[in-house]
Amino acid sequence: LCTTCDSDIHSANPLSRRHERVPVVPLLDSPHSGGAASVNRLFGKDEDGEANGEENEAESWILPNPSITPNLNSNNGASGFGFNLNKGVVEMEEFGFGEAEVDPFVDLERLQQQMDSVVPVRAGVANLPPSYIQPPSLRPQSSPHVAPSPSAPSIPTIDLSSPDPIPLVRRACSHWGAFHVINHGVPPALLQHMRSIGVQFFGSPMEDKARYACDLTVGPAAQGYGSRMLAKDDTVLDWRDYFDHHTLPEERRDPTSGLILSPIIAYIIFPREVVTQYSKEMRCLANQLLSIISQSLTLPPSYIEDAVGDVYQNITVSFYPSCPRPDLALGLQAHSDMGAITLLVQDNVGGLEVLKDDKWVLVQPLTEAIVVILADMTEVITNGAYKSAVHRALVNANRARLSVATFYDPSKTRNIYPAPELITAENPAKYREVIYGDFVKSWYGQGPEGKRNIDALLIQ
Ligand SMILES: O=C(O)CCC(=O)C(=O)O
Ligand SMILES: [Fe+2]
């Protein structure tokens, strides 16, 4: 709609007349984007503000598949989704949640009052569906915690512009396996932009989001919208919806891969321009960090990067709606990431926890900082000198939360093994060599359960 029509239509309804139109942040300052023109492009308008749907589709990260029309009430293909689409719809209807009209401009706090998601947000305080109830030992409060306070220990913050970050990184990696980086060189506007697009996407009506449903029959971590992490049915579900992008190598950028349904959309979802830029910046930062990490173990700067080989990068935007019983559920179960390194950007709600000395420690959100999480293959390559960090996401009753995780992984055919340079008679190899694809298969097949998959590689 042009601004005038938009205003006319919205003022016809006394409630929506009070809505305030707030555009998401302007696009980056680049020769191709900037200011009002970019905002117009984001919302499907040409430079004069007129609607321009075709351009939207061309710029979306994922393109529609015009041969398939979504039918939320049919049984077709429901079993292969990242979630069971039919089940989701039935559950939402059961809880009196019909087709919500969601304003894509709303912020997270307002959005959670009216949004729909795969997780059944409208279950009501007394009614967390049993499939989301964690066994008592895994519930948030049942495991030991470091009480959050300004003086409580937390992951270190490393200024990457400092003259010599190597000793700081060495310390953070050996003690925590996770740390914040600041002055990392990624433009803050890009981080904010990615978050804003996420808010806009998850705030869309289910009917629109379901058109991007991922197809887990093509394999785990398929591209697109979903909620289930594992193929198995008997796991407790995470209180999380996600949107996964396959970004590297570039040949994985098939805009239809992994999707079941994707017909015409009226507005843009994850614009290619932004995701591409984000992917580039995150790759650059990951390479810089892997170089510092290698050097911190007296390995050549490109050691871990070379050991990983061609990088497989996925960008997963996670959305954790407010939860009726945050004491019984988890946004994301305890796990270590399976690749080499993860770069996580969170909003200001908080919920990420890292396990340190068998106690959960909250990672306080830091504006503009990026959380670096060491993953399992770095643990193998460094022969356990650096351990992957076990982490999980909590949910809360009042506020929805959004995070963007960028995974830097080896290709499925890559052999990963402890660096021979780090093996001595006194310090023999601690892990068996593994083909990364086999590791991923076992991870998704049986579930993470903390570090069980990497522990299975330990040489006794
Ligand atoms: O959302 C978060 O804070 C954690 C996300 C995460 O651990 C993951 O996607 O692997
Ligand atoms: Fe993770």
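Just so you know, ligand 1 is whichever comes first in the structure, and atom 1 is the first atom listed for that ligand.
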Would you tabulate the side-chain donor-acceptor contacts of residues 333-341 under 3.5 Å, counting partners in other chains and residues two or more places apart, or write 'none'?
| from | atom 1 | to | atom 2 | distance (Å) |
| --- | --- | --- | --- | --- |
| Q333 | NE2 | D238 | OD1 | 3.3 |
| Q333 | NE2 | D238 | OD2 | 3.2 |
| H335 | ND1 | Q333 | O | 2.8 |
| H335 | ND1 | H391 | O | 3.4 |
| H335 | NE2 | D337 | OD1 | 3.0 |
| H335 | NE2 | H391 | NE2 | 3.0 |
| S336 | OG | D376 | OD1 | 2.8 |
| S336 | OG | D376 | OD2 | 3.3 |
| D337 | OD1 | H391 | NE2 | 3.2 |
| D337 | OD2 | T342 | OG1 | 2.7 |
| D337 | OD2 | H391 | NE2 | 3.4 |

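- Under the 4.0 Å criterion applied to side-chain N and carboxylate O atoms, D357 and K359 are not assigned as salt-bridge partners.
- Atom NZ of K441 sits in a sparse spot, with 12 or fewer heavy atoms from other residues, nucleotides or ligands closer than 6.0 Å.
- Counting non-hydrogen atoms of other residues, nucleotides and ligands closer than 6.0 Å to CG of D310 gives a total of 12 or fewer.
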Between L128 and C323, is the side-chain contact (heavy atoms from CB on, under 4.5 Å) condition met? List the steps.
CA-CA 8 Å; L128 185 70; C323 177; 4.0 Å; yes
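- Near-neighbour remark for the Fe ion (ligand 2): protein N, O or S atoms under 2.8 Å are H335 NE2, D337 OD1, H391 NE2; waters not counted.
- Within a 6.0 Å sphere centred on NZ of K430, heavy atoms belonging to other residues, nucleotides or ligands number more than 12.
- Pairs passing the ring pair (Phe, Tyr, Trp, His ring centres under 6.0 Å) check and including a residue from residues 392-414, sequence neighbours excluded, do not occur.
- Contact annotation: the side chain of Y303 never approaches that of Q295 to less than 4.5 Å [non-hydrogen atoms, C-beta and beyond].
- Applying the ring-ring contact (aromatic ring centres under 6.0 Å, His included) test between F243 and each of F201, Y225, F202 identifies F201 as the sole match.
- Protein residues with a heavy atom under 4.0 Å from ligand 1 are R240, Y320, L332, H335, D337, L344, L352, H391, R401, S403, A405, F407.
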